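The next block holds one structure in the form of structure tokens; read it before the comments.
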Amino acid sequence: MDSNDLFALPSDAGGDGHLPLLNGLNDEQLAAATLEGGHALILAGAGSGKTRVLTTRIAWLLQTGRATPGGILAVTFTNKAAKEMLTRLSAMLPINVRGMWIGTFHGLCNRMLRAHYKSANLPQTFQILDTQDQLSAIKRLCKQFQVDEEALPPKQLQYFISGCKEEGLRPSDVQARDMAERKKVELYQLYEDQCLREGVVDFGELMLRSYELLRDNAPIRQHYQHRFRHMLVDEFQDTNRLQYLWLKQLAGEMVGGQFQSHSSVIAVGDDDQSIYAFRGARVGNMQDFVREFEVRQQIKLEQNYRSYSNILDSANALISHNSNRLGKNLRTDQGPGEPVRVSESATDMAEAQWMVEEIKSLIKSDGFARSEIAVLYRSNAQSRILETSLFNAGVPYRVYGGLRFFERAEIKHALAYLRLLENPHDDTSFMRVVNFPPRGIGARTTEQLQEGAQAAGCSLYDAVTAVAGKAGTKLQSFVAMIDVLREETQGKTLRETIERMLVVSGLIEHYQTEKEGADRIDNLGELVTAAESFVTQEGFGRDAVAIPLDEQQAMGVPGSGQSPVSQGLDPDAPLLDTPLPDAANPAIVNPDTGETLSPLVAFLTHAALEAGDNQAQGGQDAVQMMTVHASKGLEFDVVFIGGLEEGLFPHENAMTDTGGLEEERRLMYVAITRARKRLYLSTSQTRMLHGTTRYNVRSRFLDELPETALKWLTPRHSGFGSGMGSLAYGGGGGGGRSSGGGYGDSAPSMWGKTPVPVQKAEPAHGIKKGANVFHNKFGEGKVLAVEGTGDDARAQVNFPRHGTKWLALSVAKLTVV
DNA sequence: CCTCGCTTAGTTTTT
DNA sequence: CTAAGCGAGG
């Protein structure tokens, strides 16, 4: 379908055809940014300027008076994406973005639930459980109800509960087919009761409760339906069932089997970049959206502004092997660029070493910044060997994907104390710190306490008074400590509260005496800093400080006040819950309700919803290392993709579930399209996995790339293991050696020659079948077989102590005995 | 309460 | 192989 046929470019009804903010957009982008009338699906390929279109559209809506800030809802998956949108938007328009609902699904749900906590049947200060907290809550529950952890691991129950919520299912909605299932549903219900009692919600609950609020409360639903005339959804292919249903509630009503909508939903996504099916994402939402919303406008953004065509051709060719696509082909005006370089190594060690050498030369000879070089891999385990090599070579690197700031143990402890100040019934927090730092409250005491709490149907905190004896005394002093802290921090600033808590709780003292506590104390100091900037700076202010109505109108653009779709914010709306002023703490006002919220609650919410950056060390210019998943949305001048082997990429575990291979291929597609200028693909014949050397067949993905776009740095084999007739993946056969086209020139001289049939090569290494050899690590062994030439040569050796191993002779030092 | 040693698992991950 | 989690023992 050609978008240009479907859409005339804006015929300039409002005289807005020449707005400066629309300058530089291509036809498709312009059409997408200025869509009018109804819902639309935008298929935005990688590097096609998706974020630009989204932000330009918002700016255009505002500037032309088609919408006021309060009438816009834009939802993303990550805080990073939301932030980026806000940043770009403020750069485009001199507007105050506070009134707009721009954020993550969970952030917006939180916002809605805070505004309607009564209607949603939640305490005003409800706290959010992150994944860790949820698991410990479930463990506690399982212990309490004596669930056999062998039969039902808490992790599995957590998975079950989250899965149900993502589908929009309450315990009563789940159809249990067998006993085991019924047990899970029962526990799901008990978990729900527990959360409600404690005044906490998990991530799934945030979404589900917000959805139910809209579904079951007509005035609130209609209020938001009227308000949000313009909705934009980013990364639509990653939405799950519940998120789709949530959007549908906001967008319109079912009237007599017909979906009626007065708003415009613009869904932006790329089915080829759907890589989160494993966690509940439903690409099918795209098709459902088109059908149920009766989408008549579809635009494809296929012009890529990122990569050269050799890279794009590779991506296009690869993804064409998937069926079930909406269909899309990236193109560029940038010319072919350099060929995609492909390298095969004998071992993972050699692969890492090769990458390091290449990286060093990229920096030295080609002048690339280290931060513009990324190494991508399928699984985290692959990073280690590369880290070692980079470290030894003295190349600075940065690994993404570790623990995030708010997930660190010491931070979680500190937050638990803070949560108890706001909500003493938060048993998860209570359990976390009741004996941390150690204060002589052991397992037996807490067990007793839990029994007491269960019997009385109250929180652990309230059950403390019931416990007698010495244990009771210790518990009571803990509770007293919390109470005193709460008392004395009333009316104090957030910073003062946290600093006081750190001392009173004994956390600081504890970490001072601990041998590796210095870092932790630094982190706790950073927590104070984070809180400080949260209160003073944009972080909190942007999200929760009220904007006077007149300011809203002022920051809109000419005409916005009179705009027919002007909804503005309506603090007087009767459906909103009544304000509860908090006199003690500096007022922080919910922009939607005018309610005040204590800075502490707001900060705790922030901590739960935004776990912080998940990168190790920031700062200096470093080579970037991350999983392919983590690379989504990023781009680099140079990209290395390592471990292109069957079983690793595509990953063997992914092959069992239906559609698994296609998702792996999309993952590879994402990886390839991260590269701007140069792309390196690498495969290794052997890899250490779980302590043993594994033999791998080259990834089928390499065979799915167009020969003309590639340059093999090492000879291309017809498929590894073909000499043994066993492991070869069937695709390679005629795939062609690249000997002719002048490729292979940078390979060691040995490889320039016509390939020699495997077994007949004269072994330069002098290792023959039957020989006894010595290996530094494995000792003496007997050679069972030899194959390959040059750096590919390998021998199968039986070591009495370590079993039979395949060793690459270019790497393993074997001496004939 | 802490530490040592054993067992066990070992894709991808945001909120 | 290696990291994490758990149980027993000091």
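Keep in mind that what you see is a predicted model, and the values were worked out from it rather than measured. Computed from heavy atoms alone, side chains included, the values below leave out hydrogens, waters and symmetry copies. Below, chains carry the letters A, B, ... as their sequence lines are ordered, and counting in each starts from 1.
Close to B:dT14, at under 4.0 Å from its OP1 or OP2, lies no side-chain N or O of A:Asn79. Side-chain nitrogen and oxygen atoms of A:Asn380 include at least one within less than 4.0 Å of the OP1 or OP2 phosphate oxygen of B:dT12. Contact annotation: A:Thr627 reaches the phosphate of B:dT13 (side-chain N/O to OP1 or OP2, under 4.0 Å). OP1 and OP2 of B:dT13 both lie 4.0 Å or more from every side-chain N or O belonging to A:Arg404.
A:Glu422 and A:Thr125 form no side-chain donor-acceptor contact under 3.5 Å, judged by distance and modelled atom types alone. A:Asn285 and A:Arg282 share a donor-acceptor pair across their side chains, judged by distance under 3.5 Å alone.
Side chain A:Thr131 to base B:dT15: a donor-acceptor pair is found below 3.5 Å.
Atom P of C:dA4 sits at a distance of 16 Å from the matching atom of B:dT13, rounded to the whole Å. For the C1' atom pair drawn from B:dT12 and C:dG5, the interatomic distance equals 22 Å after rounding to whole Å.
Distance, A:Leu689 CG to B:dA9 C1': 12 Å, rounded to whole Å.
Residues A:Tyr224 and A:His116 bring their aromatic ring centres within 6.0 Å. Checked against the 6.0 Å centroid threshold, A:His321 and A:Phe701 do not count as a close aromatic pair. Aromatic rings of A:Phe430 and A:Phe478 (six-membered ring for Trp) have centroids within the 6.0 Å cut-off, being under it.
With B:dT12, B:dT15, B:dC1 as the candidates, the nucleotide lying closest to the side chain of A:Asn435 is B:dC1. Comparing B:dC2, B:dT13, B:dT11 by their nearest atom to the side chain of A:Pro438 picks out B:dC2. Listed candidates were B:dT11, B:dC2, B:dT15. Nearest to the side chain of A:His651 is B:dT11. Distance from the side chain of A:Phe278 is smallest for B:dT12 among the nucleotides B:dT12, B:dT15, B:dG10. Distance from the side chain of A:Thr104 is smallest to B:dT15 among B:dT13, B:dT15, B:dC1.
Within the nucleic acid shown, A:Ala608 has no heavy atom closer than 4.0 Å to any nucleic acid atom.
Projected onto DNA chain B by closest heavy-atom contact, A:Arg378 and A:Phe105 fall at different nucleotides, the more 5' of which corresponds to A:Arg378.
Taking the six-membered ring where tryptophan is involved, the planes of A:Trp246 and A:Phe105 are perpendicular, since the angle between them exceeds 60° and thus also 30°.
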Heteroatom pairs (N/O) under 3.5 angstrom, protein to nucleotides 2-6 of chain C:
from	atom 1	to	atom 2	distance (Å)
C:dA3	OP1	A:Arg384	NH1	3.3
C:dA3	OP1	A:Arg384	NH2	2.3

Contacts under 3.5 Å, N or O only, protein and nucleotides 8-10 of chain C:
none

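Not one N or O on the side chain of A:Glu410 forms a donor-acceptor pair closer than 3.5 Å with the backbone of A:Asp519.
Taking the ring axis of A:Phe126 as reference, the NZ or CZ atom of A:Arg114 stays within 45° of it and closer than 6.0 Å to the ring centre. Judged by the 6.0 Å distance and 45° axis criteria, A:Arg666 is not positioned over the aromatic ring of A:Tyr669.
Taking a cutoff of 4.0 Å between a charged side-chain nitrogen and a carboxylate oxygen, A:Arg520 and A:Glu514 qualify as a salt bridge.
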